[in-house]
Each structure stands twice: as C-alpha cells, then as structure tokens.
Amino acid sequence: MLRIDVITLFPEVIEAGVRYSIVGRACEWGLTQVRALQLRDFAAGKHRKTDDEPYGGGAGLVIKPEPIFKAVEFCRPTAHTRIVLLEPQGKLYTQAIAHELAEQEHLILICGHYEGVDARVREHLATDVLSIGDYVLTGGELPALIIIDSVVRLLPGALHSPESLAQDSYADGLLGYPQYTRPEEFRGMRVPSVLLSGNHGAIARWRRREQLRLTRTLRPDLFARACLTSDDVELLKELE
Ligand SMILES: C[S@@+](CC[C@H](N)C(=O)[O-])C[C@H]1O[C@@H](n2cnc3c(N)ncnc32)[C@H](O)[C@@H]1O
C-alpha cells in the first residue's frame, strides 16, 4: 500500500480533493492512504507561528524550517521515503515521474505557501523538488493533489480497465488518439468511418497514425524525442 503524507497549512483542501472518483475509491479499497497534516500543529510557541519575514528583506513571508522538519520526522520516513518539496523552481513533473512515484511505499509531499519555504528544506530535507509547470500558484496544495491523482491512478487495481493506461497520452512518449462515442452523427459531425468498420487492424493503424499526427502537430518537442518503429515510419509516409 502506498502511504502518502501531505504537509500543508490547508489540510481541508487535500482531504476534499482525495474524497472522490478514482482516488477516493483507491483510499476506500486500501490501495493507498492519504493523510493531510496541519503544519501549524508542528510549530512552536503559543501562536504556533509557521512563517516569518525573509532574511535580507523583501516582500512577503517565508515558511520556517522547524515545523516542516518536525512534521516530516513525525511521518517516520525511512531511507526509501521520497520527500517531495513542491516548488515552481523544481524539476518539471511528468508522467515518467508519476510512474516512478507509484512504485514507492511512502511519499511525503510538502506544500509551500506565501513566498515559499526556507531554502534549508530543499537543501537538507527534500529528496525531490518538483514543479507542476512554469507558472506560480498560491500554494502547493493543488500541485500535491495533481501528483496524488496522477500517481494513484497508476496503482494496480485503481482503474476498472487498467488497459486504458496504455492508451493514455505520454504512455509511450506520444499523445493519445482521439476518442468518440455515440451518437454516430451529431449536428452534422460524423465519427470517422474506420471506427465503425469493426476492422480491428484498420482501427489500430488509424489510431496510431492519429497519435503520430497529433503529436507532431501539437507537441513537436515530444515528437522529436519519440522512439518510432518501422511501422510508425510507414504510417508517417501515409500522412505526407
Ligand atoms: C507563491 S508560491 C512561491 C513562489 C516563489 N516565491 C517563487 O517565486 O518561486 C508558494 C508555494 O506554492 C507552491 N507552488 C506554486 N507554484 C508551483 C508550481 N508551479 N509547482 C509546484 N508548486 C508550486 C509551492 O509550494 C510554493 O512554495
């Protein structure tokens, strides 16, 4: 079972975010356990102060190191625990990292707020520093939920149809193919006829060709890194 501890000033956000759908079900089924810890509970003093002004001056407040170190220690990390600090300066989170995290037994996710977290957390406590994209959010709670969601759906037993993982975008370095459902025609827009043909070989070829076409058009950066087979090269010739 994957244990996930989230250290945050807003545990309610995490608790609400893991209650529904696939993640909620995975928690109920015991595939994972998500615990949100209130950072303030680990702060010292009558006022349980978790933040202070930055040394050197400047705007805003910085989260103090002591409560974060104490909260992580409370989670009893082992040598294998991945202690993930969420920061916009972190390594860009990808599906490959989601797969890696889904194989762990224990994750600790540290959510920053305000101007961020005292740099000693990054330097001496975190095993990983991850960013969910090149933009700045108010706090680490949404990034933590994004990581939890993307990791938990990879856990064995989490999805009703695990084969759908293989069809997902990024599963093999390409974007996913377009999906259609009933009705066959909607406001004059028709489902591609090959999908109605019942010819499984033709459908598989069409889907792969669409994956190649979409990735080349929408994500040339991914396309440049994709490992293409000789069949893919043939399909690409058809697109020319
Ligand atoms: C307002 S941000 C701090 C931004 C920081 N001053 C900077 O410029 O990098 C507050 C917190 O939100 C979280 N956060 C914001 N954007 C994020 C992103 N793109 N990925 C991961 N965490 C993010 C982090 O936990 C961060 O400590």
Side-chain angles (χ1 to χ4, degrees), residues 2-18 23 32 34-44 47-75 77 81-104 106-154 168-170 218-219 221-222:
L2 172 63
R3 215 153 54 83
I4 307 176
D5 286 318
V6 186
I7 298 171
T8 166
L9 285 167
F10 302 95
E12 305 79 7
V13 175
I14 303 298
E15 283 156 6
V18 300
V23 179
T32 184
V34 181
R35 180 171 64 160
L37 297 157
Q38 170 56 263
L39 181 64
R40 214 167 288 290
D41 292 344
F42 300 91
H47 299 294
R48 299 206 170 267
K49 198 165 144 63
T50 52
D51 51 77
D52 214 327
E53 291 161 3
Y55 277 122
L61 295 165
V62 176
I63 298 195
K64 290 155 77 65
E66 305 98 305
I68 296 188
F69 273 73
K70 279 193 186 159
V72 167
E73 283 151 18
F74 176 85
C75 299
T81 301
R82 298 286 284 266
I83 304 173
V84 179
L85 173 65
L86 297 154
E87 279 294 341
Q89 302 98 335
K91 181 172 170 184
L92 194 62
Y93 185 63
T94 60
Q95 186 68 11
I97 301 177
H99 277 281
E100 204 185 303
L101 297 183
E103 286 179 4
Q104 311 301 315
H106 187 199
L107 304 178
I108 300 177
L109 307 179
I110 302 171
C111 306
H113 216 78
Y114 315 117
E115 289 309 308
V117 165
D118 185 288
R120 284 165 286 191
V121 172
R122 171 164 38 84
E123 292 158 358
H124 301 287
L125 185 65
T127 59
D128 302 78
V129 185
L130 296 179
S131 162
I132 58 149
D134 294 343
Y135 41 80
V136 177
L137 299 163
T138 314
E141 287 71 24
L142 293 176
L145 285 172
I146 284 171
I147 291 181
I148 293 169
D149 190 293
S150 54
V151 167
V152 168
R153 67 192 293 284
L154 297 176
D168 281 342
S169 291
Y170 309 111
L218 302 176
R219 290 294 304 272
D221 57 319
L222 278 185

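Numbering of ligands and ligand atoms starts at 1, following listing order.
- Other residues, nucleotides and ligands place no more than 12 heavy atoms under 6.0 Å from the CD atom of Glu53.
- At a 3.5 angstrom cut-off on N or O pairs, Gly112 counts as close to ligand 1.
- Across Ile63, Asp5, Leu86, Val121, a single residue satisfies side-chain contact (heavy atoms from CB on, under 4.5 Å) together with Ile110, and that is Val121.
- At a 4.0 Å cut-off, not a single heavy atom of Ile110 sits close enough to ligand 1 to count as contact.
- Residue contact check: Leu130 has heavy atoms under 4.0 Å from atoms 21 (C) of ligand 1.
- Arg82 contributes atom CZ, which lies 8.5 Å from atom CD1 of Ile97 (distance to the nearest 0.5 angstrom).
- Distances shorter than 4.0 angstrom occur between a heavy atom of Tyr114 and an atom of ligand 1.
- For atom 10 (C) of ligand 1, the nearest non-hydrogen atom from the set Thr138, Thr8, Ile132, Ile146 comes from Thr138.
- The ligand atoms of ligand 1 that sit less than 4.0 angstrom from a heavy atom of Gln89 are 7 (C), 9 (O).
- When hydrogens are left out, the protein atom nearest atom 5 (C) of ligand 1 is Glu115 O, 3.6 Å; that is the closest non-hydrogen contact.
- Of the protein's heavy atoms, Leu137 N, 3.0 Å lies nearest to atom 16 (N) of ligand 1.
- Residue Arg122 qualifies as open at atom CZ: its count of foreign heavy atoms under 6.0 Å is 12 or below.
- Distances below 4.0 Å separate heavy atoms of Val136 from the following atoms of ligand 1: 1 (C), 2 (S), 4 (C), 16 (N).
- Protein heavy atoms come within 4.0 Å of atom 20 (N) of ligand 1.
- Surrounding CG of Asp221 are more than 12 heavy atoms belonging to other residues, nucleotides or ligands, all under 6.0 Å away.
- Protein heavy atom closest to atom 27 (O) of ligand 1, with residue, atom name and distance, is Glu87 OE2, 3.2 Å.
- For ligand 1, the atoms closer than 4.0 angstrom to any heavy atom of Gly140 are 12 (O), 13 (C), 25 (O).
- In this structure, Lys91 places its NZ atom where only 12 or fewer heavy-atom neighbours from other residues, nucleotides or ligands lie under 6.0 Å away.
- Scanning the protein for heavy atoms near atom 25 (O) of ligand 1, the closest one is Leu86 O, 2.7 Å.
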